[in-house]
2 protein chains.
Amino acid sequence: MLRETRHEKLLRLLREEGVLPVVEIARRLEVSEATARRDVSDLSGAGRLRRVYGGAIAREPVERPFAEEEVDDLPAKEAVAAGAAQLIRNGETVLLDIGTTTLQLARLLHGRKITVVTSSLAVYEELRADDEVSLVLLGGEVRRNYRSLVGQLTRAALREIYADRVFLGTSGVLADGRVLDTTEVEVPVKRAMLGSARQAVLLATPRKFPGTGSARVCQAEDIDMLITGQATDPATLATFREADVEVVQV
Amino acid sequence: MLRETRHEKLLRLLREEGVLPVVEIARRLEVSEATARRDVSDLSGAGRLRRVYGGAIAREPVERPFAEEEVDDLPAKEAVAAGAAQLIRNGETVLLDIGTTTLQLARLLHGRKITVVTSSLAVYEELRADDEVSLVLLGGEVRRNYRSLVGQLTRAALREIYADRVFLGTSGVLADGRVLDTTEVEVPVKRAMLGSARQAVLLATPRKFPGTGSARVCQAEDIDMLITGQATDPATLATFREADVEVVQV
DNA sequence: TCACACTCGCGCAAAGTCGCTCAGTCGCGC
DNA sequence: GCGCGACTGAGCGACTTTGCGCGAGTGTGA
């Protein structure tokens, strides 16, 4: 592996975990402890992380997508969520992915006579007090940073579910139609969601083009509808239209 | 554990508790008293806490987030829960049923290095802020008044799980050893739990003999251990002993 | 005041971690 | 093919942290 990408991977791990002992870093990067130490030392010298005896601590704030206090780019997300909410008819079962955009969508679903299935603990907390909405949680390991459920149990639960629509969030969409995510563990869950609904709707604000992300979730062909804003890169939208995706710009 | 993170954890504990004796700090941090003293001394030197003879006092304001909800017969439930907590070893996976007694048990599991699998949303809320405990939620429909997950999805999740012990609550136990519950929808989940653990432990305060309940969950033979109080009806206990159940009276 | 139990800080030995050196491996250009 | 530089993993001595024992210090109740 090229050193640079391993450095990036280490930083990503740290953003996800906050703190990691050197032994754990070595294990996760599949290198010797000596090398892990060298990497940590390099990045510490570059000021990208904080070195402590026995391990490393993230210098950049730990990724907390639901820092709740403020959602980045909120108006755009609300607009996309509103577009998505319009699609949903009474009596439907909808599958909601994790993320801030789908959380905005959940906020718009209060009082609707629908069934919401989700792996997002944030969505659960938003809707748990609402008697009208029937709420189903997928099982799985609790990921505290992301307030989500992941793992083998989540995928097993998805095999038992078939929803009318799934609303997927994303961290970035490339011009060739690839849909990305920043955290690898979420990818299998997102893929399983795609297979558990009649219609797949991707929610992506203009800033998500190209956005960020290192793991590929799926491509344009796997999506049925894309809901985005007016400012979204036209070339990418053309790619999606060619793949028979219905593009809605709110 | 890394020293820095242990320092943070100590400060968090202090914010939660206000005051803590050194012995208690050592126990909760799982280090020797000598080390706990050193940590307290470090942080006191840095002005992060106030040192007093025998312990430490938070300098930052104490968090008191939740008012404890009223639990009926609380002391008895706490005693039974304490007996159950003693059984659990580090590294174990435990399956927790819904109910107030198992919730008391969850309260005693803070800071333990274990995996807790549960269908109880109350247990999830109790443990979600605790980084030490690895938490797994079974999926299912959200039942708001019982703060639980039930249904086909919950049973499907249980088929994927095998725990070291399951801790079951109950609404009533009859003299012939039948274990009851008041709500029928929970029964299939409880039965599935019995099949998903090496050892089945029933938690039942003396008032649960005979208690209430119309639905039969299981019988004495299906249980491996019964944890109850001193005042429990001896005839019923005899039934359980005859069925090879280990009876613990706390 | 005094005895007693508890707590404190220090020295020590064991365990764990660090950074360094060194030899081996790999890719690359000549 | 062959040397070169970059990178890796193992070994080693130095350093840091940890738990325990000990003597001194501190709070409590008779």
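In what follows, chains carry the letters A, B, and so on, assigned in the order in which the sequence lines appear, proteins first and then strands, with residues in each chain numbered from 1. This one's a predicted model, so the numbers in the text were calculated from it and none came from an experiment.
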Problem - Electrostatic pair Arg28(A):Glu17(A) at N-O distance under 4.0 angstrom - result: yes
Practice task
Would you check, one step at a time, whether the test side-chain contact (heavy atoms from CB on, under 4.5 Å) holds for Leu10(B) with Val40(B)?
Solution key: CA-CA 8 Å; Leu10(B) 167 51; Val40(B) 167; 4.1 Å; yes
Practice task
Identify which nucleotide among dT16(D), dA10(D), dC20(D) has an atom closest to any side-chain atom of Tyr53(A), counting heavy atoms from C-beta outward.
Solution key: dT16(D)
Completion exercise
From the candidates dG19(D), dT18(D), dG9(D), the one with an atom nearest any side-chain atom of Ala34(B) is dG19(D)
What is the distance from [atom1] of [X] to [atom2] of [N], rounded to the nearest Å?
| X | N | atom1 | atom2 | value |
| --- | --- | --- | --- | --- |
| Arg6(A) | dA6(D) | CZ | P | 16 Å |
| Asp39(A) | dA6(D) | CG | C1' | 14 Å |
| Met1(B) | dG19(D) | CE | P | 11 Å |
| Leu2(B) | dT16(D) | CG | P | 17 Å |
| His7(B) | dT17(D) | NE2 | P | 9 Å |

Exercise for the section: Pick base, sugar-phosphate or nothing for Arg3(B), based on heavy-atom distances below 4.0 Å to the nucleic acid. Expected result: sugar-phosphate
Practice task
Please determine if a side-chain N or O atom of Thr35(B) lies less than 4.0 Å away from the OP1 or OP2 oxygen of dT18(D).
Solution key: no
Exercise for the section: Check whether any side-chain nitrogen or oxygen of Arg38(A) sits under 4.0 Å from OP1 or OP2 of dG9(D), and answer yes or no. Expected result: no
Handout entry: From CG (Leu29(B)) to NE2 (His7(B)), nearest 0.5 Å
Key = 9.0 Å
Fill in the blank from the handout: Separation between CG (Leu43(A)) and CZ (Arg51(A)), nearest 0.5 Å, reads 11.0 Å
Problem - Contact nearer the 5' end of DNA chain C, comparing Arg51(A) with Val22(B) - result: Val22(B)
